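Below is one structure, written out as structure tokens, with a few remarks after it.
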There are 2 protein chains.
Amino acid sequence: MTSTKKLKQATRADVARMAGVSESTVSYALTGVRPISEETRERIESAMNALGYVPNAMAQALASKKSGLLALLFPVGERGFGETDFEYVEAATAAAAEDGYQLLLWPNAVEDTASLQKIVAQGLVEGVLLMEVRSQDPRVKVLQESGTPFCLIGRTDNSENLTYVDADFSQWGPMAINHLVDLGHTNIGVISMRGELVEAGYGPVIRTEAPLIELAQRMGVTVTIKHPKATIRAGRLAFEELLEEQPGITAIIGFNEPAFIGALEVAGARGMKIPEDLSVLSFGLSEEAATMTVPAQTTINVDGPELGRMAVQYLIARLNGDKKSVLQKLTQPQFFDRGSTGPAPQFSG
Amino acid sequence: MTSTKKLKQATRADVARMAGVSESTVSYALTGVRPISEETRERIESAMNALGYVPNAMAQALASKKSGLLALLFPVGERGFGETDFEYVEAATAAAAEDGYQLLLWPNAVEDTASLQKIVAQGLVEGVLLMEVRSQDPRVKVLQESGTPFCLIGRTDNSENLTYVDADFSQWGPMAINHLVDLGHTNIGVISMRGELVEAGYGPVIRTEAPLIELAQRMGVTVTIKHPKATIRAGRLAFEELLEEQPGITAIIGFNEPAFIGALEVAGARGMKIPEDLSVLSFGLSEEAATMTVPAQTTINVDGPELGRMAVQYLIARLNGDKKSVLQKLTQPQFFDRGSTGPAPQFSG
DNA sequence: CTGTTAGCGCTTTCAC
DNA sequence: GTGAAAGCGCTAACAG
């Protein structure tokens with residue numbers, strides 16, 4: 001048998017009876033909200049142990065209007081930077097557990113606001129975490145109107161008054177440029193995300209590219225950006241174009257995983273050695289992926305676990321009644337030097 | 001403001017009052033458990049719409065003893081085959097949602113049976129899904145004793161009477177051997193998992209290696225298995241040893257991601273071309289990782305989504321009172337030919 | 001310091 | 001077909 005009969009759990013009434021006190025006294029002994037004599041407390045505790053008493057979560061939730069549950073809303077079919085996603089989830093779950101909360105997974109299409117509305121109206125969860133936030137995210141309004149506390153992992157365009165955590169993409173470009181310029185590179189290519197995302201105003205691309213371009217200009221560095229589709233093939237073409245337009249390129253930055261693989265294939269096919277002939281650096285590439293290439297890739301990444309953790313903490317702060325403080329955080333990028341960048345090659349011709 | 005004041009949800013009493021019926025009639029209208037006159041039903045429905053009524057999940061759960069929640073117990077700090085994990089979770093979540101259940105994430109150490117016990121005693125969840133199951137898994141006993149229905153993703157040694165889904169590892173080896181033998185290979189190396197796992201009787205390794213060896217022998221194929229630690233360095237050494245012992249090796253199978261990267265590095269350094277000089281095949285490598293290498297890797301994988309989905313379905317079957325049928329499933333391996341295997345090279349010397 | 005007493009919002013038996 | 005009423009197990013005033 002997979003499961004034996006479900007044995008009946010002891011209730012507070014049982015404990016009260018056995019300890020010879022009232023039910024409420026048992027409650028207060030548990031919460032410590034009011035003083036209990038040492039002797040009573042002991043009687044209650046031994047009764048609880050004897051009965052193997054564990055408070056019923058649902059009754060507690062119903063009576064107190066606190067379920068101890070947080071929802072993690074993750075859109076189905078929309079993946080951010082690959083597999084890093086699970087890191088967020090793991091870290092968020094752990095952070096929640098630390099404060100006595102549990103995480104509920106809610107897969108949901110971004111547009112499906114009807115379900116969202118229903119789901120929060122059920123009163124099951126106390127607060128909501130939003131992943132894969134769009135610059136115009138319809139879910140935000142629904143949550144605001146329902147009065148459910150929430151925290152974004154990411155940002156909308158208009159997020160001044162929202163609670164959120166996000167990667168500070170504005171630092172990624174400058175970090176990369178500085179690193180490469182320090183190595184002597186002055187002509188850099190970028191295999192960025194597909195054009196539609198840029199046109200759609202997708203936050204991460206926009207916030208990354210602008211400061212990158214700006215710093216490059218200030219430093220007198222040539223930067224050429226391509227926006228191929230997210231396929232290996234498109235990446236190959238993009239890099240070939242890049243080399244055509246800028247034969248002097250000595251470094252490339254990738255922000256589009258499949259396309260960047262294509263670019264690296266072309267580099268390999270042309271006999272360009274990494275990092276001797278070409279320095280290579282990826283944005284937002286998971287450790288697993290970064291170590292699969294030969295050589296492994298130097299990356300600039302979002303700190304997923306930190307993001308997940310902070311989001312939960314902010315949300316819980318709101319639940320605890322913090323209505324006033326501005327709870328917004330941009331996390332520092334992580335730089336992993338795995339040796340795929342090196343000094344700019346000297347030109348022989 | 002992140003959140004406006006939480007507006008009071010209409011209750012069933014409100015609906016009943018507005019529709020001019022009793023509370024219980026509203027309930028029955030909702031569940032359809034007993035016949036309701038067309039006219040009454042309409043009055044109730046319009047009242048519900050007018051009030052924007054949504055049943056309170058917690059009250060429902062308390063009264064009916066059905067929370068609609070399933071727990072997904074995933075051990076912290078123990079990762080199976082890399083990032084495939086999230087696939088299981090996503091698929092499981094979706095499958096649960098289809099049947100009106102929600103998935104609760106419970107990070108938990110395998111040994112922490114005390115927390116597990118407490119957690120199921122709370123009565124919050126109706127059933128439990130176990131990931132990363134060990135051959136001797138202490139959590140199984142706890143769940144059995146508590147009478148909580150559960151389903152394993154994986155297997156214990158003694159799982160005849162348990163509900164589980166697992167990858168059919170016994171097919172992986174033969175599938176790989178057949179594929180390689182078809183291509184003419186007769187001397188094959190395996191970079192498998194670290195030795196401790198084998199000694200500890202870790203299911204996936206044991207179940208994979210034995211049939212692989214057996215079939216190889218039957219087919220007269222030389223197979224040499226190494227069990228390096230899960231590091232690139234260990235993998236390099238292991239492959240060098242392999243080449244030393246078996247200079248005629250023409251194909252290698254990887255079941256240890258970091259180590260296999262090391263092996264591939266050595267192959268590259270020695271100028272062995274894939275697949276011309278060396279055929280390469282990986283077990284349990286995620287698509288992302290498999291496409292990062294050049295060339296991309298042919299893999300034999302567990303069908304994560306299928307596993308997650310089936311696990312939920314089996315669990316729900318148990319919840320629905322199916323106590324008798326044997327609910328056990330071994331899923332077929334997935335073969336992805338990405339071109340890293342090819343005809344065995346002809347010896348030139 | 002402790003007990004009494006209403007509920008929380010819904011399910012479900014019993015009765016008409 | 002419909003209603004009344006007794007809980008589910010716990011919380012939180014309100015009373016000492």
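The structure displayed is predicted, hence computed values, not measured ones. Protein chains get the first letters and strands the later ones, always in sequence-line order, with residue 1 at the start of each.
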Can a side-chain donor-acceptor contact be found between B/Ser46 and B/Asn49 if the only test is distance below 3.5 angstrom? no

Could you tell me which residues satisfy side chain to side chain donor-acceptor pair (under 3.5 Å) with A/Asp99, sequence neighbours excluded, listed by chain and number? none

Rounded to whole Å, the CD-P distance (B/Gln60 to C/dC8) equals 17 Å

Partner set under side chain to side chain donor-acceptor pair (under 3.5 Å) for B/Asn108, not counting sequence neighbours: none

Taking OP1 and OP2 of C/dC1, is either one under 4.0 Å from a side-chain nitrogen or oxygen of A/Ser37? no

Going by side chain to side chain donor-acceptor pair (under 3.5 Å), name the residues that satisfy it together with B/Arg17, two or more places apart in sequence or in a different chain. B/Asp14

Tell me every residue that passes side chain to side chain contact (heavy atoms under 4.5 Å, CB included) with A/Pro107, counting only those two or more places apart in sequence or in another chain. A/Phe74, A/Val76, B/Thr93

Using whole Å, report how far CG of A/Leu124 lies from C1' of C/dC10. 14 Å

Could you check which residues of residues 46-56 of chain A get a heavy atom under 4.0 Å from DNA chain D? Sort them by number, please. A/Tyr53, A/Pro55, A/Asn56

Under 3.5 Å, is there a donor-acceptor pair linking the side chains of B/Arg134 and B/Thr156? no

Taking N or O atoms only and anything under 3.5 Å, show me the protein contacts with nucleotides 13-16 of chain C, one pair per line.
{"from": "C/dT13", "atom 1": "O4", "to": "B/Tyr28", "atom 2": "OH", "distance (Å)": "3.1"}

Using the side chain to side chain contact (heavy atoms under 4.5 Å, CB included) criterion, which residues pair with A/Ala59? Sequence neighbours excluded. A/Asn56, B/Leu62

Earliest and latest nucleotide of DNA chain D, 5' to 3', sitting under 4.0 Å from a non-hydrogen atom of chain A? D/dG9 to D/dC14

Identify, with sequence neighbours excluded, every residue that meets side chain to side chain donor-acceptor pair (under 3.5 Å) alongside B/Ser37. B/Thr40

Any residue meeting side chain to side chain contact (heavy atoms under 4.5 Å, CB included) with A/Ala63, in chain and number order, not counting sequence neighbours: none

Relative to the 5' end of DNA chain D, which residue comes earlier, B/Gly20 or A/Glu23, by the nucleotide with the nearest heavy atom? B/Gly20

Across all chains, not counting sequence neighbours, the ring-ring contact (aromatic ring centres under 6.0 Å, His included) partners of A/Tyr314 are none

Remember a base hit wins even if backbone is also touched, and classify B/Val26 as base, sugar-phosphate or nothing at under 4.0 Å, heavy atoms. nothing

Applying a 4.0 Å non-hydrogen cut-off, can you work out what B/Leu62 is touching in the nucleic acid: base, sugar-phosphate, or nothing? base

Between C/dG9 and B/Thr11, is there an OP1 or OP2 to side-chain N/O distance shorter than 4.0 Å? no

With B/Tyr101 via ring-ring contact (aromatic ring centres under 6.0 Å, His included) - residues at least two apart: none

By the 4.0 Å heavy-atom rule, please label A/Thr40 as base, sugar-phosphate, or nothing. sugar-phosphate

Need one value for B/Val21: base, sugar-phosphate or nothing, where a base atom within 4.0 Å counts as base even if backbone is also close, heavy atoms only. sugar-phosphate

